[in-house]
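We use all heavy atoms of the structure for the numbers below, so side chains are in, but hydrogens, waters and symmetry mates are not. As the structure lists them, so they are numbered: ligands from 1, and atoms in each ligand from 1. Bear in mind the structure is a predicted one, so any value in this text is a computation, not a measurement.
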Amino acid sequence: MAATKKNIVILISGNGSNMVAIAEAAQKENWQGKLGAGIACVISNRADSEGLNFARALGISTQVLDHKQFASREAFDAALQQLIDSYNPALVVLAGFMRILTPGFVANYAGRLVNIHPSLLPAFTGLNTHQRAIDAGCKVAGATVHLVTADLDHGPILAQAVVPVLAGDDARTLAARVLTQEHRVYPAAVRTLLAAR
Ligand code: GRF
């Protein structure tokens with residue numbers, strides 16, 4: 001009999017390149033066979049997320065839950081939680097999901113909700129991280145994989161990737177350099193979490 005499946009649900013809002021990196025690692029490293037884990041669904045709050053097309057091309061189920069159809073943040077999060085829970089997830093992965101989550105939602109997934117933030121936390125929580133790192137004169141930048149808690153961008157750190165800030169960098173070139181490392185560190189951290197579950 002097959003082992004209990006560890007379902008992964010990935011939430012995106014945009015390009016979904018981190019989602020693709022995780023999906024490719026899962027395939028290449030045979031997470032199904034080795035960890036009993038697989039991506040059950042990719043959910044976007046935007047129907048026009050490019051990442052949805054990538055997910056479909058990879059044969060992954062997709063769902064759209066448009067936050068604009070809900071009267072309040074609480075109502076959206078309640079519907080999102082119901083949708084996510086229909087997949088009985090071992091892990092919920094935020095991959096460029098551009099929504100602030102309510103405390104009740106976060107509490108429901110305590111210990112199994114993970115995010116990647118494009119800075120070396122605890123520096124530069126919030127938005128525009130790359131420009132702020134350049135403006136501060138940082139010599140290195142990077143990304144942080146962390147568990148999500150009610151305190152935005154402050155959950156326990158699981159992994160970090162560091163890149164140099166080069167002379168002449170702008171936010172775009174630095175973001176691109178960081179993103180290549182996100183694609184390495186996020187799948188590795190997700191894999192470690194799944195192995196421990
Ligand atoms: C990444 O930089 C990630 O760190 C941040 O949002 C961006 C998402 O990119 N949270 P993608 O949608 O995975 O390409």
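- Closest approach of Ile100 to Arg73, counting heavy atoms only: O-NH1, 2.8 Å.
- Between His146 and His117, the ring-plane angle classifies as perpendicular under the 30° and 60° cut-offs.
- Inspection of the Ser119 and Thr129 side chains reveals no N or O donor paired with an N or O acceptor under 3.5 Å.
- A donor-acceptor pair under 3.5 Å is absent between the side-chain atoms of Asn128 and the main chain of Gln131, judged by distance alone.
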Distances under 3.5 Å, N/O of ligand 1 against N/O of the protein: list each pair and its distance.
residue  : atom   : partner : partner atom : Å
ligand 1 : 2 (O)  : Glu182  : OE1          : 3.3
ligand 1 : 2 (O)  : Glu182  : OE2          : 3.0
ligand 1 : 4 (O)  : Glu182  : OE1          : 2.7
ligand 1 : 4 (O)  : Glu182  : OE2          : 3.2
ligand 1 : 10 (N) : Ile116  : O            : 3.0
ligand 1 : 12 (O) : Gly16   : N            : 2.8
ligand 1 : 13 (O) : Ser17   : N            : 3.3
ligand 1 : 13 (O) : Asn18   : N            : 2.8
ligand 1 : 13 (O) : Asn18   : ND2          : 3.0
ligand 1 : 14 (O) : Ser17   : N            : 2.9
ligand 1 : 14 (O) : Ser17   : OG           : 2.5

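- In this structure the side chain of Leu101 never reaches within 4.5 angstrom of the side chain of Tyr109, judged on heavy atoms.
- Side-chain N or O atoms of His183 include none that pairs as donor or acceptor with a backbone N or O of Gln181 at under 3.5 Å.
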